[in-house]
Amino acid sequence: MTDDLLARHRAVLPSWVTTYYGDDAIELVSGSGRRVTDGSGRTYLDFFGGVLTTMLGHDIPEVREAVERQLATGIVHSSTLYLIRQQVELAEKIARLSGIPDARVFFTNSGTEANEAALLCATNHRRSHQILAIRNSYHGRTFGAMAVTGHRSWSASGLSPLTVSWLPSGDRLRGRMAGLSDAEHVDAAVEDLREVLATTTAGDVAALIAEPIQGVGGFVHGPDGLLGALKKELDNHGILLISDEVQTGWGRTGDHFWGYQAHDVVPDLITFAKGIGNGFALAGVVGRADLLNAVPGTSFSTFGGNPVATAAGNAVLDYVLSHDLQANARRVGTILLDGLRAAAADSPIVAEVRGRGLMIAFELTRPGTTEPDPAATLRVFDECRKRGLLVGKGGLYGNVIRMGPPLTLTEEEAREGLDILVAAIREIDKPERA
Ligand code: PLP
(Lines give C-alpha, C1' and ligand atoms only; values in the text may rest on other atoms or scores of the structure.)
Protein backbone atom coordinates (compact mmCIF):
# COMPACT_ATOMS: atom_id res chain seq x y z
CA MET A 1 0.00 0.00 0.00
CA THR A 2 1.21 3.49 -0.79
CA ASP A 3 -0.03 4.97 2.50
CA ASP A 4 -1.23 3.63 5.84
CA LEU A 5 -4.85 3.15 4.76
CA LEU A 6 -4.96 -0.45 5.99
CA ALA A 7 -3.66 0.60 9.42
CA ARG A 8 -6.22 3.42 9.52
CA HIS A 9 -8.99 1.01 8.45
CA ARG A 10 -8.04 -1.36 11.25
CA ALA A 11 -7.81 1.44 13.78
CA VAL A 12 -11.25 2.87 13.12
CA LEU A 13 -13.49 0.08 11.75
CA PRO A 14 -14.64 -2.97 13.74
CA SER A 15 -12.37 -6.01 13.54
CA TRP A 16 -15.06 -8.01 11.73
CA VAL A 17 -14.99 -5.65 8.72
CA THR A 18 -12.29 -7.72 7.09
CA THR A 19 -10.53 -7.13 3.77
CA TYR A 20 -9.18 -9.58 1.22
CA TYR A 21 -5.41 -10.18 0.89
CA GLY A 22 -4.52 -9.76 4.59
CA ASP A 23 -1.68 -7.29 5.16
CA ASP A 24 -1.56 -6.76 1.42
CA ALA A 25 -5.11 -5.35 1.16
CA ILE A 26 -5.79 -3.23 -1.91
CA GLU A 27 -7.78 -0.07 -2.56
CA LEU A 28 -9.52 0.10 -5.93
CA VAL A 29 -9.00 3.65 -7.13
CA SER A 30 -10.38 3.51 -10.66
CA GLY A 31 -12.25 1.20 -12.97
CA SER A 32 -13.48 0.84 -16.50
CA GLY A 33 -15.53 -2.01 -17.89
CA ARG A 34 -14.23 -5.22 -16.37
CA ARG A 35 -10.88 -3.71 -15.27
CA VAL A 36 -9.99 -2.08 -11.99
CA THR A 37 -6.80 -0.36 -10.88
CA ASP A 38 -5.40 -0.35 -7.36
CA GLY A 39 -3.60 2.37 -5.45
CA SER A 40 -0.20 1.21 -6.68
CA GLY A 41 -1.30 1.49 -10.32
CA ARG A 42 -1.73 -2.24 -10.88
CA THR A 43 -4.68 -3.20 -13.11
CA TYR A 44 -6.76 -6.37 -12.64
CA LEU A 45 -9.47 -8.19 -14.51
CA ASP A 46 -12.42 -8.10 -12.12
CA PHE A 47 -14.22 -11.44 -11.80
CA PHE A 48 -15.93 -10.59 -8.50
CA GLY A 49 -17.57 -7.22 -9.24
CA GLY A 50 -17.66 -6.12 -5.59
CA VAL A 51 -19.49 -9.36 -4.73
CA LEU A 52 -21.66 -9.70 -7.88
CA THR A 53 -22.76 -6.08 -7.63
CA THR A 54 -21.11 -4.11 -10.43
CA MET A 55 -23.22 -6.18 -12.78
CA LEU A 56 -22.55 -4.09 -15.90
CA GLY A 57 -18.92 -3.34 -15.02
CA HIS A 58 -17.31 -0.09 -13.97
CA ASP A 59 -17.98 3.41 -15.28
CA ILE A 60 -20.81 2.55 -17.66
CA PRO A 61 -21.78 5.75 -19.53
CA GLU A 62 -25.51 4.94 -19.62
CA VAL A 63 -25.61 4.60 -15.82
CA ARG A 64 -23.35 7.57 -15.15
CA GLU A 65 -25.43 9.80 -17.44
CA ALA A 66 -28.73 8.70 -15.86
CA VAL A 67 -27.38 9.51 -12.40
CA GLU A 68 -25.93 12.82 -13.58
CA ARG A 69 -29.28 13.77 -15.15
CA GLN A 70 -30.99 13.10 -11.81
CA LEU A 71 -28.36 15.03 -9.87
CA ALA A 72 -28.78 17.96 -12.27
CA THR A 73 -32.45 18.26 -11.27
CA GLY A 74 -31.28 19.16 -7.77
CA ILE A 75 -33.43 16.40 -6.23
CA VAL A 76 -31.21 13.76 -4.66
CA HIS A 77 -33.84 12.84 -2.12
CA SER A 78 -37.50 13.50 -1.53
CA SER A 79 -38.80 10.45 0.46
CA THR A 80 -41.82 8.42 -0.61
CA LEU A 81 -44.07 11.10 0.92
CA TYR A 82 -43.74 12.63 -2.53
CA LEU A 83 -44.13 10.84 -5.84
CA ILE A 84 -40.85 9.56 -7.30
CA ARG A 85 -41.15 9.07 -11.05
CA GLN A 86 -37.96 6.98 -11.35
CA GLN A 87 -39.14 4.69 -8.56
CA VAL A 88 -42.59 4.10 -10.04
CA GLU A 89 -41.07 3.37 -13.47
CA LEU A 90 -38.59 0.88 -12.03
CA ALA A 91 -41.29 -0.78 -9.92
CA GLU A 92 -43.45 -1.19 -13.04
CA LYS A 93 -40.58 -2.89 -14.88
CA ILE A 94 -39.66 -5.19 -11.98
CA ALA A 95 -43.30 -6.12 -11.35
CA ARG A 96 -43.68 -7.02 -15.04
CA LEU A 97 -40.46 -9.07 -15.07
CA SER A 98 -41.15 -10.84 -11.76
CA GLY A 99 -43.53 -13.43 -13.20
CA ILE A 100 -45.91 -12.71 -10.29
CA PRO A 101 -49.36 -11.51 -11.43
CA ASP A 102 -50.38 -8.02 -10.24
CA ALA A 103 -47.18 -7.71 -8.18
CA ARG A 104 -46.20 -4.91 -5.81
CA VAL A 105 -42.65 -3.69 -5.22
CA PHE A 106 -41.12 -2.18 -2.08
CA PHE A 107 -37.64 -0.67 -2.36
CA THR A 108 -34.97 -0.85 0.32
CA ASN A 109 -31.27 -0.03 0.57
CA SER A 110 -29.85 -3.52 0.89
CA GLY A 111 -30.54 -7.21 0.39
CA THR A 112 -30.76 -7.64 4.14
CA GLU A 113 -33.56 -5.12 4.40
CA ALA A 114 -35.27 -6.68 1.39
CA ASN A 115 -35.33 -10.03 3.18
CA GLU A 116 -36.55 -8.38 6.38
CA ALA A 117 -39.40 -6.84 4.39
CA ALA A 118 -40.26 -10.19 2.78
CA LEU A 119 -40.22 -11.92 6.17
CA LEU A 120 -42.42 -9.15 7.59
CA CYS A 121 -44.96 -9.58 4.80
CA ALA A 122 -44.98 -13.38 5.05
CA THR A 123 -45.20 -13.54 8.84
CA ASN A 124 -47.95 -10.91 8.99
CA HIS A 125 -49.98 -12.57 6.28
CA ARG A 126 -49.68 -16.00 7.88
CA ARG A 127 -49.84 -14.68 11.48
CA SER A 128 -46.92 -16.99 12.27
CA HIS A 129 -43.27 -16.39 13.01
CA GLN A 130 -42.19 -19.90 11.99
CA ILE A 131 -39.89 -19.99 8.99
CA LEU A 132 -38.16 -22.73 7.02
CA ALA A 133 -34.63 -21.98 5.83
CA ILE A 134 -31.87 -23.89 4.09
CA ARG A 135 -28.60 -24.89 5.71
CA ASN A 136 -25.54 -23.08 4.34
CA SER A 137 -27.70 -20.06 3.37
CA TYR A 138 -26.91 -16.37 3.72
CA HIS A 139 -29.69 -13.79 3.83
CA GLY A 140 -28.16 -10.78 5.59
CA ARG A 141 -26.90 -9.25 8.78
CA THR A 142 -29.90 -8.05 10.81
CA PHE A 143 -31.59 -10.20 13.44
CA GLY A 144 -34.32 -11.63 11.18
CA ALA A 145 -32.08 -12.12 8.16
CA MET A 146 -29.33 -13.61 10.36
CA ALA A 147 -31.85 -15.96 11.99
CA VAL A 148 -32.51 -17.58 8.59
CA THR A 149 -28.79 -17.64 7.73
CA GLY A 150 -27.47 -21.18 8.03
CA HIS A 151 -23.79 -20.45 7.97
CA ARG A 152 -21.78 -20.38 11.18
CA SER A 153 -19.28 -17.71 10.08
CA TRP A 154 -22.08 -15.26 9.31
CA SER A 155 -24.24 -16.03 12.34
CA ALA A 156 -23.00 -13.40 14.76
CA SER A 157 -25.89 -13.80 17.19
CA GLY A 158 -28.34 -16.49 18.20
CA LEU A 159 -30.96 -13.91 19.16
CA SER A 160 -33.90 -14.30 16.82
CA PRO A 161 -37.35 -12.87 16.20
CA LEU A 162 -38.24 -16.07 14.30
CA THR A 163 -38.54 -19.77 15.01
CA VAL A 164 -36.57 -21.47 12.26
CA SER A 165 -36.52 -25.06 11.02
CA TRP A 166 -33.78 -26.15 8.67
CA LEU A 167 -33.80 -28.05 5.39
CA PRO A 168 -30.67 -29.59 3.87
CA SER A 169 -28.53 -27.70 1.37
CA GLY A 170 -27.78 -29.01 -2.12
CA ASP A 171 -24.20 -29.94 -1.20
CA ARG A 172 -23.38 -32.99 -3.34
CA LEU A 173 -19.91 -33.66 -1.95
CA ARG A 174 -20.85 -34.29 1.66
CA GLY A 175 -23.89 -34.55 3.90
CA ARG A 176 -27.15 -36.37 3.36
CA MET A 177 -27.51 -35.48 -0.34
CA ALA A 178 -24.00 -36.64 -1.32
CA GLY A 179 -23.91 -39.05 -4.20
CA LEU A 180 -27.64 -38.93 -4.99
CA SER A 181 -28.99 -38.57 -8.52
CA ASP A 182 -31.07 -35.46 -9.24
CA ALA A 183 -34.33 -37.39 -8.92
CA GLU A 184 -33.23 -39.09 -5.69
CA HIS A 185 -32.12 -35.71 -4.34
CA VAL A 186 -35.52 -34.12 -5.02
CA ASP A 187 -37.37 -37.06 -3.46
CA ALA A 188 -35.13 -37.03 -0.39
CA ALA A 189 -35.57 -33.27 0.03
CA VAL A 190 -39.39 -33.50 -0.18
CA GLU A 191 -39.37 -36.39 2.29
CA ASP A 192 -37.18 -34.37 4.65
CA LEU A 193 -39.51 -31.36 4.33
CA ARG A 194 -42.50 -33.52 5.31
CA GLU A 195 -40.58 -34.84 8.31
CA VAL A 196 -39.46 -31.36 9.40
CA LEU A 197 -43.00 -30.00 9.13
CA ALA A 198 -44.31 -32.93 11.17
CA THR A 199 -41.64 -32.84 13.84
CA THR A 200 -40.04 -29.43 14.36
CA THR A 201 -42.88 -27.00 13.61
CA ALA A 202 -46.34 -26.26 14.90
CA GLY A 203 -47.62 -26.76 11.36
CA ASP A 204 -48.64 -23.20 10.56
CA VAL A 205 -45.28 -22.16 9.11
CA ALA A 206 -45.21 -18.77 7.36
CA ALA A 207 -42.67 -19.32 4.59
CA LEU A 208 -39.66 -21.07 3.18
CA ILE A 209 -36.84 -18.68 2.28
CA ALA A 210 -34.30 -20.02 -0.21
CA GLU A 211 -31.55 -18.87 -2.56
CA PRO A 212 -31.87 -20.71 -5.89
CA ILE A 213 -28.05 -20.84 -5.87
CA GLN A 214 -26.45 -20.14 -2.49
CA GLY A 215 -24.14 -17.15 -2.81
CA VAL A 216 -21.99 -16.85 0.29
CA GLY A 217 -22.41 -20.62 0.72
CA GLY A 218 -20.16 -21.20 -2.29
CA PHE A 219 -22.71 -21.46 -5.13
CA VAL A 220 -24.12 -24.72 -3.80
CA HIS A 221 -27.46 -25.53 -5.38
CA GLY A 222 -29.90 -28.38 -5.67
CA PRO A 223 -31.15 -29.92 -8.92
CA ASP A 224 -33.45 -28.06 -11.26
CA GLY A 225 -37.07 -28.48 -10.19
CA LEU A 226 -36.23 -28.81 -6.49
CA LEU A 227 -37.96 -25.62 -5.33
CA GLY A 228 -41.04 -26.53 -7.40
CA ALA A 229 -41.22 -29.97 -5.78
CA LEU A 230 -40.85 -28.44 -2.31
CA LYS A 231 -43.49 -25.83 -3.12
CA LYS A 232 -46.04 -28.52 -3.98
CA GLU A 233 -45.71 -29.83 -0.43
CA LEU A 234 -45.68 -26.28 1.00
CA ASP A 235 -48.92 -25.54 -0.86
CA ASN A 236 -50.60 -28.38 1.04
CA HIS A 237 -50.07 -26.28 4.17
CA GLY A 238 -50.49 -22.75 2.73
CA ILE A 239 -46.79 -22.04 3.31
CA LEU A 240 -45.28 -19.26 1.17
CA LEU A 241 -42.04 -19.32 -0.85
CA ILE A 242 -39.58 -16.43 -0.70
CA SER A 243 -36.91 -16.62 -3.39
CA ASP A 244 -33.81 -14.65 -2.40
CA GLU A 245 -32.53 -13.54 -5.80
CA VAL A 246 -29.97 -11.09 -4.42
CA GLN A 247 -27.18 -12.91 -6.27
CA THR A 248 -29.12 -14.92 -8.87
CA GLY A 249 -31.34 -12.22 -10.38
CA TRP A 250 -31.25 -10.18 -13.61
CA GLY A 251 -30.06 -12.95 -15.96
CA ARG A 252 -26.81 -13.78 -14.20
CA THR A 253 -27.52 -17.51 -14.31
CA GLY A 254 -27.69 -17.37 -18.13
CA ASP A 255 -30.46 -19.89 -18.65
CA HIS A 256 -33.00 -17.77 -16.79
CA PHE A 257 -33.72 -14.20 -15.76
CA TRP A 258 -34.41 -15.29 -12.16
CA GLY A 259 -32.86 -18.26 -10.45
CA TYR A 260 -36.29 -19.59 -9.46
CA GLN A 261 -37.15 -20.17 -13.13
CA ALA A 262 -35.02 -23.34 -13.12
CA HIS A 263 -37.49 -24.83 -10.66
CA ASP A 264 -40.90 -24.88 -12.33
CA VAL A 265 -42.40 -22.64 -9.67
CA VAL A 266 -43.39 -19.00 -9.17
CA PRO A 267 -42.47 -17.71 -5.71
CA ASP A 268 -44.85 -15.63 -3.65
CA LEU A 269 -42.13 -13.10 -2.84
CA ILE A 270 -38.79 -12.34 -4.54
CA THR A 271 -36.03 -10.29 -2.96
CA PHE A 272 -33.42 -8.48 -5.04
CA ALA A 273 -30.38 -6.22 -4.48
CA LYS A 274 -26.73 -6.08 -5.58
CA GLY A 275 -26.64 -5.93 -9.40
CA ILE A 276 -29.73 -3.80 -10.00
CA GLY A 277 -27.94 -0.66 -8.74
CA ASN A 278 -24.57 -1.52 -10.32
CA GLY A 279 -23.07 -0.19 -7.10
CA PHE A 280 -25.74 2.32 -6.07
CA ALA A 281 -27.65 1.26 -2.94
CA LEU A 282 -30.81 -0.29 -4.34
CA ALA A 283 -32.73 -3.38 -3.30
CA GLY A 284 -36.25 -4.51 -2.64
CA VAL A 285 -38.98 -7.09 -2.54
CA VAL A 286 -41.50 -7.86 -5.26
CA GLY A 287 -44.45 -10.08 -4.52
CA ARG A 288 -48.15 -10.80 -4.50
CA ALA A 289 -50.25 -7.72 -3.77
CA ASP A 290 -52.07 -9.39 -0.86
CA LEU A 291 -48.74 -10.21 0.80
CA LEU A 292 -47.12 -6.82 0.33
CA ASN A 293 -50.32 -5.19 1.52
CA ALA A 294 -50.44 -7.44 4.60
CA VAL A 295 -48.22 -5.07 6.61
CA PRO A 296 -50.69 -3.69 9.16
CA GLY A 297 -48.85 -0.46 10.03
CA THR A 298 -47.18 2.29 8.08
CA SER A 299 -43.76 1.13 6.95
CA PHE A 300 -41.24 3.40 5.39
CA SER A 301 -37.62 3.41 4.25
CA THR A 302 -36.10 6.88 4.20
CA PHE A 303 -33.57 6.15 1.48
CA GLY A 304 -35.12 3.06 -0.14
CA GLY A 305 -35.72 3.62 -3.86
CA ASN A 306 -34.52 7.23 -3.74
CA PRO A 307 -34.41 9.18 -7.01
CA VAL A 308 -30.67 8.70 -7.62
CA ALA A 309 -30.63 4.97 -6.85
CA THR A 310 -33.71 4.31 -8.98
CA ALA A 311 -32.35 6.45 -11.83
CA ALA A 312 -29.35 4.12 -11.78
CA GLY A 313 -31.62 1.07 -11.45
CA ASN A 314 -33.68 2.01 -14.51
CA ALA A 315 -30.53 2.56 -16.57
CA VAL A 316 -29.06 -0.76 -15.39
CA LEU A 317 -32.20 -2.77 -16.09
CA ASP A 318 -32.70 -1.16 -19.52
CA TYR A 319 -29.07 -1.98 -20.35
CA VAL A 320 -29.41 -5.60 -19.23
CA LEU A 321 -32.50 -6.08 -21.39
CA SER A 322 -31.45 -4.11 -24.47
CA HIS A 323 -28.03 -5.83 -24.62
CA ASP A 324 -29.49 -9.26 -23.78
CA LEU A 325 -26.89 -9.77 -21.07
CA GLN A 326 -28.62 -12.95 -19.97
CA ALA A 327 -27.63 -14.53 -23.30
CA ASN A 328 -24.11 -13.17 -22.86
CA ALA A 329 -23.94 -14.68 -19.37
CA ARG A 330 -24.87 -18.05 -20.82
CA ARG A 331 -22.45 -17.85 -23.76
CA VAL A 332 -19.44 -16.47 -21.88
CA GLY A 333 -20.19 -18.44 -18.74
CA THR A 334 -20.04 -21.65 -20.78
CA ILE A 335 -16.48 -20.84 -21.82
CA LEU A 336 -15.49 -20.51 -18.17
CA LEU A 337 -17.44 -23.50 -16.91
CA ASP A 338 -16.21 -25.82 -19.69
CA GLY A 339 -12.63 -24.62 -19.29
CA LEU A 340 -12.67 -25.06 -15.53
CA ARG A 341 -14.27 -28.50 -15.76
CA ALA A 342 -11.56 -29.58 -18.20
CA ALA A 343 -8.88 -28.28 -15.82
CA ALA A 344 -10.57 -29.90 -12.82
CA ALA A 345 -10.67 -33.28 -14.56
CA ASP A 346 -6.92 -33.67 -14.11
CA SER A 347 -6.37 -31.56 -11.01
CA PRO A 348 -6.10 -33.55 -7.77
CA ILE A 349 -7.25 -30.55 -5.71
CA VAL A 350 -10.41 -29.38 -7.52
CA ALA A 351 -13.28 -31.55 -6.28
CA GLU A 352 -16.17 -29.82 -8.04
CA VAL A 353 -16.90 -27.02 -10.49
CA ARG A 354 -20.43 -25.66 -10.16
CA GLY A 355 -22.76 -22.79 -10.92
CA ARG A 356 -24.40 -21.56 -14.08
CA GLY A 357 -24.08 -18.57 -16.38
CA LEU A 358 -21.71 -16.06 -14.85
CA MET A 359 -22.07 -17.42 -11.33
CA ILE A 360 -19.24 -19.92 -11.16
CA ALA A 361 -17.34 -21.59 -8.34
CA PHE A 362 -14.94 -24.42 -7.70
CA GLU A 363 -14.26 -26.27 -4.50
CA LEU A 364 -10.82 -27.34 -3.31
CA THR A 365 -10.24 -30.45 -1.21
CA ARG A 366 -7.34 -32.62 -0.16
CA PRO A 367 -6.48 -34.95 -3.06
CA GLY A 368 -8.72 -37.97 -3.28
CA THR A 369 -10.99 -36.85 -0.43
CA THR A 370 -13.89 -34.48 0.23
CA GLU A 371 -11.97 -32.89 3.09
CA PRO A 372 -12.04 -29.11 2.52
CA ASP A 373 -8.67 -27.46 1.89
CA PRO A 374 -8.98 -23.77 2.82
CA ALA A 375 -5.18 -23.35 2.77
CA ALA A 376 -4.91 -24.45 -0.87
CA THR A 377 -7.93 -22.25 -1.65
CA LEU A 378 -6.17 -19.23 -0.19
CA ARG A 379 -3.08 -19.98 -2.26
CA VAL A 380 -5.10 -20.24 -5.49
CA PHE A 381 -6.90 -17.03 -4.54
CA ASP A 382 -3.62 -15.17 -3.92
CA GLU A 383 -2.06 -16.65 -7.06
CA CYS A 384 -4.97 -15.29 -9.14
CA ARG A 385 -4.38 -11.83 -7.78
CA LYS A 386 -0.63 -12.11 -8.42
CA ARG A 387 -1.46 -12.92 -12.04
CA GLY A 388 -3.92 -10.02 -12.37
CA LEU A 389 -7.34 -11.54 -11.61
CA LEU A 390 -9.66 -10.65 -8.75
CA VAL A 391 -11.90 -13.51 -7.60
CA GLY A 392 -13.92 -14.20 -4.45
CA LYS A 393 -13.75 -16.80 -1.75
CA GLY A 394 -16.51 -18.50 0.22
CA GLY A 395 -18.24 -21.71 1.16
CA LEU A 396 -19.00 -23.11 4.58
CA TYR A 397 -15.39 -24.25 4.99
CA GLY A 398 -13.69 -21.35 3.16
CA ASN A 399 -12.59 -23.72 0.42
CA VAL A 400 -14.50 -22.34 -2.56
CA ILE A 401 -13.31 -19.87 -5.19
CA ARG A 402 -16.35 -17.88 -6.31
CA MET A 403 -16.75 -15.70 -9.37
CA GLY A 404 -19.49 -13.35 -10.48
CA PRO A 405 -17.97 -11.20 -13.21
CA PRO A 406 -19.92 -8.35 -14.80
CA LEU A 407 -22.53 -9.70 -17.24
CA THR A 408 -20.83 -7.61 -19.94
CA LEU A 409 -17.75 -9.87 -19.79
CA THR A 410 -16.41 -10.51 -23.32
CA GLU A 411 -15.28 -13.88 -24.66
CA GLU A 412 -11.67 -12.61 -24.82
CA GLU A 413 -11.81 -11.52 -21.19
CA ALA A 414 -13.34 -14.85 -20.20
CA ARG A 415 -10.46 -16.69 -21.89
CA GLU A 416 -7.91 -14.36 -20.34
CA GLY A 417 -9.38 -15.01 -16.88
CA LEU A 418 -9.67 -18.73 -17.52
CA ASP A 419 -5.97 -18.93 -18.45
CA ILE A 420 -5.10 -17.25 -15.15
CA LEU A 421 -7.39 -19.53 -13.14
CA VAL A 422 -5.98 -22.67 -14.72
CA ALA A 423 -2.40 -21.43 -14.23
CA ALA A 424 -3.16 -20.64 -10.58
CA ILE A 425 -4.66 -24.10 -9.99
CA ARG A 426 -1.67 -25.76 -11.68
CA GLU A 427 0.76 -23.72 -9.60
CA ILE A 428 -0.85 -24.88 -6.37
CA ASP A 429 -1.50 -28.51 -7.30
CA LYS A 430 2.10 -28.90 -8.56
CA PRO A 431 3.42 -30.66 -5.43
CA GLU A 432 0.49 -33.09 -5.59
CA ARG A 433 1.30 -33.98 -9.17
CA ALA A 434 5.04 -34.42 -8.57
N1 PLP B 1 -29.11 -12.35 0.33
C2 PLP B 1 -28.08 -12.86 -0.36
C3 PLP B 1 -28.31 -14.10 -1.19
C4 PLP B 1 -26.82 -12.25 -0.34
O5 PLP B 1 -25.82 -12.77 -1.03
C6 PLP B 1 -26.66 -11.07 0.42
C7 PLP B 1 -25.34 -10.40 0.49
O8 PLP B 1 -24.33 -10.91 0.12
C9 PLP B 1 -27.74 -10.59 1.14
C10 PLP B 1 -28.96 -11.25 1.08
C11 PLP B 1 -27.62 -9.37 1.98
O12 PLP B 1 -27.50 -8.25 1.13
P13 PLP B 1 -26.86 -6.89 1.67
O14 PLP B 1 -25.43 -7.15 1.96
O15 PLP B 1 -27.10 -5.92 0.52
O16 PLP B 1 -27.63 -6.49 2.88
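Sequential numbering from 1 along the given sequence is applied to the chain's residues. Hydrogens, waters and symmetry mates are skipped; everything else that's a heavy atom, side chains included, is used. We count ligands from 1, going down the list as the structure has it; atoms in each ligand are counted the same way. In this text the structure is predicted, and so the values were computed from the model without any measurement.
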### Task
Output the list of atoms in ligand 1 that are nearer than 4.0 Å to some heavy atom of Asn115, sorted by atom number.
1 (N), 10 (C)

### Of Val196, Leu197, Thr163, Ile131, the residue whose pairing with Val205 passes side-chain contact (heavy atoms from CB on, under 4.5 Å)
Leu197

### Task
Describe, in one word, how the ring planes of His151 and Trp154 are oriented to each other, choosing from parallel (under 30°), tilted (30 to 60°) and perpendicular (over 60°).
perpendicular

### Protein residue, atom and distance nearest to atom 9 (C) of ligand 1, heavy-atom basis
Tyr138 CE2, 3.8 Å

### Task
State if Ser110 counts as touching ligand 1 under the rule of any non-hydrogen atom under 4.0 Å.
yes

### Message
Less than 4.0 angstrom from a charged side-chain N to a carboxylate O is my criterion; do Glu363 and Arg174 meet it?
### Response
yes

### Message
Can you tell me which portion of Thr271 lies within the under-4.0 Å heavy-atom range of ligand 1? Options are side chain, backbone, both, or neither.
### Response
neither

#### Entry: Sub-4.0 Å atoms of ligand 1 with respect to non-hydrogen atoms of His139
1 (N), 10 (C)

### Query
Nearest protein heavy-atom contact for atom 1 (N) of ligand 1: which residue, which atom, what distance?
Asp244 OD2, 2.7 Å

### Trp258 and Phe272 aromatic centres sub-6.0 Å
no

### Query
For ligand 1, is any non-hydrogen atom under 4.0 Å from Thr112's backbone (N, CA, C, O), its side chain (CB onward), both, or neither?
both

#### Entry: Leu321 side chain near Leu317 side chain, heavy-atom distance below 4.5 Å
yes

### Message
Does this structure show an ion pair linking Asp59 with Arg35, if we count only N-O contacts that are shorter than 4.0 Å?
### Response
no

### Query
Which bit of Glu211 is near ligand 1, meaning a heavy atom under 4.0 Å away: side chain, backbone, both or neither?
side chain

### Query
Does any N or O atom in Gly111 lie less than 3.5 angstrom from one in ligand 1, N or O only?
yes

### Message
Please confirm whether Val51 approaches ligand 1 to less than 4.0 Å, judged on its heavy atoms.
### Response
no

### Query
Judged by atom type as modelled, is there a donor-acceptor pair below 3.5 Å linking the side chain of Asp182 to the main-chain atoms of Asp224?
no

### Task
Below 4.0 angstrom from a heavy atom of Gln247, which ligand 1 atoms are there? Numbered from 1 as shown, please.
5 (O), 8 (O)

### Query
Does CG belonging to Asp264 count more than 12 external heavy atoms closer than 6.0 Å?
no

### Query
Is there a heavy atom of Lys274 sitting under 4.0 angstrom from any atom of ligand 1?
yes

### Message
Quick one, His9 and Leu5 - any side-chain contact, counting heavy atoms below 4.5 Å?
### Response
no

### Task
Do me a favour and list the nearest non-hydrogen protein atom to atom 4 (C) of ligand 1 with residue, atom name and distance?
Val246 CG1, 3.6 Å

